[in-house]
Protein chains: 2
Amino acid sequence: MPTATYNNSMEKGLQLLTLFTGDHPSQRLAEISREAGMPKATALRFLNALTRQGFLRKDSAGAYRLGYRLIELGHRASDQLDLRTIALPYMGALRDALDEAVQIAVIDGTEAVYLEKVDCRQPVRLFTKAGRRAPLHAGACPRLLLAFAPDPLISLVLSERTERRQFTETTPTDPNQLRALSEQTRRTGYSLSFGELEAGSAALAVPLRDYSGNVVATLSVAGPAERFGPDRVPEILAQARHTAAQISREFGFVPIIRS
Amino acid sequence: MPTATYNNSMEKGLQLLTLFTGDHPSQRLAEISREAGMPKATALRFLNALTRQGFLRKDSAGAYRLGYRLIELGHRASDQLDLRTIALPYMGALRDALDEAVQIAVIDGTEAVYLEKVDCRQPVRLFTKAGRRAPLHAGACPRLLLAFAPDPLISLVLSERTERRQFTETTPTDPNQLRALSEQTRRTGYSLSFGELEAGSAALAVPLRDYSGNVVATLSVAGPAERFGPDRVPEILAQARHTAAQISREFGFVPIIRS
DNA sequence: AACAGTGTTTCATTAATTGAAACGCCCGGA
DNA sequence: TCCGGGCGTTTCAATTAATGAAACACTGTT
């Protein structure tokens, strides 16, 4: 059962970090042990080690919380993607131009992960968090990433054996429908979604490319669906395309001039 | 040697993450093995496991880079500190008011870690990164945190047996000098530093408090030293204090009214 | 006082980790 | 073209360190 090409003990310890969610930011040993299905002594050892390395910290009530080392490493990972130096200022400008949330997401494994979000200033807004994940079949960002993904990944996501969760009434789950949507996205260069992940929300996503010309990320404008009517979508698309071109250029993308 | 109350294998694996710095964002197995002083087979197992859990990712050249899971967890840790929801908007306003870098830092173990930074817009600016660390004896932020730290930590930092690195000519390292500076900081409610960590830089730091009334973090304004002359420092201090009061209030701090 | 729940420590067992060595592949230099 | 060096990967015997049950001390509630 154990395979010699990984370190299963470390992986079990790392998985404890996933227990700390927005709903459960602070947890004590017994709760962690129960939720992880792990004996208290084993869990305590992992927690002690994670705490010593700064990945967790213990608060004054004796409960564990995510530690500052994660913020440090998160910033470092972000810096290495040039998110703060290149993408964030343009995202801020796009937010200012449209007053909608602006997000950037990438593929990680078989999911999309939203790496950054710049919030709009309107009281009614899309309430999601940077760092969240979504499957590749639902939502403007995930679907845009899927459309430009390598064929083996597309096949896997659209396979009859892969379960595609239906979040809302408008979540596309049928493989043929998703293939058609992907083809449309590749042809038009953007994707648009209404309530596929959260009812009442909408998002428009465009690709971000790097020096290789490949789509490496997606930039999206997202907000309440009633602000994404047919009179406004063209403007959102134009602004998003403009910003994506700026970011892509700084990522080293050189557009091919069509003659 | 091995102690049963930690998980030393996991800790060794986690320490590989520290090899990925701004200077070395991308590394291959042999280099990692050499730098960590670890046999290739062992390092490969850790790398495979860290990659499977999303903490590292492998690029097209077969080199490892920090993974998206770190960004996700970094955001989650940051959210749990209310950095993005509470502190960042105020930091942005303070940056706009003064056009200097604004940072927030906390104590982690025996160091200060800068959790967030909002950059100024001037061409000549303080070039540091969010996520960086500094010892508690040098710099306005670390020294402010030290001044309000628990006595055992102060004693440890100022101990004759603790080495206090001299970064520049103005770095204070003498325990008596640091005690005097701490006392002054507690009395005046702020700390001011010129070139203690980086020559030519300056920073002014004020405390952030939470519902318990304790100093839990520090807010600083930082930039090139020539912009922190005696004619300007009072304004910087007033603005920083105002912003710190706003943030502290949202952290639940209730100021005691003096009669 | 009794009980439930917590976090911590101990220790025998054994599972998993470890590192040396072999292997296949690639690249650059002679 | 050949060879050597370096790379990443796999195998396997040795042994180390992880594991989990159980005991313990402490706290809070009834």
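Letters A, B, ... mirror the listed sequences (proteins, then strands); counts begin at 1.
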> Could you please name the option among C/dT6, D/dA18, D/dG20 that lies closest to any side-chain atom of B/Ser9?
D/dA18
> Tell me which nucleotide among D/dT10, D/dC7, D/dT19 gets nearest to the side chain of A/Arg45.
D/dT19
> Please tell me which of the listed nucleotides, C/dT18, C/dG19, C/dT8, lies nearest to the side chain of B/Ala41?
C/dG19
> Rounded to the Å, how far apart are B/Met38 CE and D/dT9 P?
16 Å
> Do any side-chain nitrogens or oxygens of A/Lys12 fall under 4.0 Å of OP1 or OP2 in D/dT19?
yes
> Of all the choices, D/dG20, C/dT6, C/dT17, which nucleotide is nearest to the side chain of A/Asn7 once you look at every atom?
C/dT17
> Between P on D/dT11 and NZ on B/Lys40, what's the gap in Å once rounded to a whole number?
16 Å
> So which nucleotide from C/dT17, D/dC7, C/dT18 ends up closest to the side chain of A/Asn8?
C/dT17
> Roughly what angle, to 10°, lies between the helix axis at the start of the helix from C/dA1-D/dT30 to C/dA30-D/dT1 and the one at its end, five pairs per end?
30°
> Could you pull out every donor-acceptor pair under 3.5 Å between side chains of residues 103-118 of chain A and any protein atom, sequence neighbours left out?
unit_1: A/Asp108; atom_1: OD2; unit_2: A/Arg133; atom_2: NH1; d: 3.3
unit_1: A/Asp108; atom_1: OD2; unit_2: A/Arg133; atom_2: NH2; d: 2.9
unit_1: A/Glu111; atom_1: OE1; unit_2: A/Arg133; atom_2: NH1; d: 3.3
unit_1: A/Lys117; atom_1: NZ; unit_2: A/Asp119; atom_2: OD1; d: 3.2
unit_1: A/Lys117; atom_1: NZ; unit_2: A/Leu126; atom_2: O; d: 2.8
unit_1: A/Lys117; atom_1: NZ; unit_2: A/Thr128; atom_2: O; d: 2.8
unit_1: A/Lys117; atom_1: NZ; unit_2: A/Thr128; atom_2: OG1; d: 3.3

> Given atom CG of A/Leu44 and atom P of D/dG20, what is their separation to the nearest angstrom?
13 Å
> Measure the distance from CD on A/Gln27 to C1' on C/dT6 and round it to the nearest whole Å.
15 Å
> For residues 136-160 of chain B, which residue pairs qualify under side chain to side chain donor-acceptor pair (under 3.5 Å), counting only residues two or more places apart or in two chains?
B/Arg143-B/Glu196
> Tell me: OH of B/Tyr6 to C1' of C/dT9, nearest whole Å?
13 Å
> Take B/Thr85 and B/Asp82 through the side chain to side chain donor-acceptor pair (under 3.5 Å) test and state the conclusion after the steps.
CA-CA 5 Å; B/Thr85 50; B/Asp82 286 321; 3.2 Å; yes
> Measure from CE on B/Met10 to P on C/dT18 and round the result to the nearest Å.
13 Å
> From CZ of A/Arg28 over to P of D/dG28, roughly how many Å is that when rounded to an integer?
10 Å
> Can you list the residues that meet the salt bridge (Lys or Arg N to Asp or Glu O under 4.0 Å) rule with B/Arg57, with sequence neighbours excluded?
none
> Classify the side-chain pair A/Arg84/A/His75 by whether it contains a donor and acceptor separated by less than 3.5 Å.
yes
> Go through the structure and list residues passing side chain to side chain contact (heavy atoms under 4.5 Å, CB included) with A/Asp59, not counting sequence neighbours.
A/Ser26, A/Ala61, A/Ala63, A/Arg65
> C/dT8, C/dT18, D/dG8: which one has an atom nearest the side-chain heavy atoms of B/Ala30?
D/dG8
> A/Leu47 has an atom CG; how far is it from atom C1' of D/dG20, in whole Å?
16 Å
> Scan side-chain atoms only and decide if B/Ser9 and A/Asn7 contain a donor-acceptor pair under the 3.5 Å cut-off.
yes
> Output the single nucleotide from D/dT9, C/dT8, D/dT19 whose closest atom is nearest the side chain of B/Leu29.
D/dT9
> Under 4.0 Å between a side-chain N or O of A/Arg34 and OP1 or OP2 of C/dT6?
yes
> From C/dG19, C/dT18, D/dA18, pick the nucleotide closest to the side chain of B/Phe46?
C/dT18
> Please list, chain by chain and in numerical order, all residues satisfying salt bridge (Lys or Arg N to Asp or Glu O under 4.0 Å) with A/Glu183, sequence neighbours excluded.
A/Arg186
